[in-house]
Amino acid sequence: MGLHATERSSAWVECDGKVSSELHLRNSFASVKYIPGILEAGVPVMMFAGAEDLICNYKGIERMIENMEWSGQIGFGVSCDVPWP
């Protein structure tokens, strides 16, 4: 399974604030509440945030997963980090 991403040169542009505001629901549960059930249903999940991207909180995502309970485990279990090529 691949990402089907292609490399291209373009100027960096910050995300549009309208996208963020449209995706924010004040009364919705955090994704950490839903992800365990998705994983336990056998759906493959890949979470990606660029380590060099100051807007995407990759450390927050790592901490969320480290504390997430699913399938009788906490965190990453026996998984390991895989370097991106």
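None of these values were measured; they are calculated from a predicted model.
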Requested in this report: Kindly write out the residues that satisfy side-chain contact (heavy atoms from CB on, under 4.5 Å) with I35, not counting sequence neighbours, or none if the list is empty.
Outcome: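 Testing I35 for side-chain contact (heavy atoms from CB on, under 4.5 Å), a comparison that skips the adjacent residues, returns S31, L39, M47, M64, M68.
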Query raised in the report: Sequence neighbours excluded, which residues qualify as side-chain contact (heavy atoms from CB on, under 4.5 Å) partners of Q73?
Result: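 Counting only residues at least two positions away or on another chain, Q73 forms no side-chain contact (heavy atoms from CB on, under 4.5 Å).
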Requested in this report: Drop me the distance from W70's CH2 to I65's CD1, to the nearest 0.5 angstrom.
Outcome: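 So the gap between those two atoms works out to 9.5 Å.
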Query raised in the report: Are V43 and I61 grouped together when hydrophobic residues (ILVMFWY) are joined by side-chain heavy atoms under 4.5 angstrom apart?
Result: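 Linked, V43 and I61 end up in one cluster.
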Requested in this report: Applying salt bridge (Lys or Arg N to Asp or Glu O under 4.0 Å), name anything that partners E40, two or more places apart in sequence or on another chain.
Outcome: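 Scan of E40 (salt bridge (Lys or Arg N to Asp or Glu O under 4.0 Å), adjacent residues dropped) gives none.
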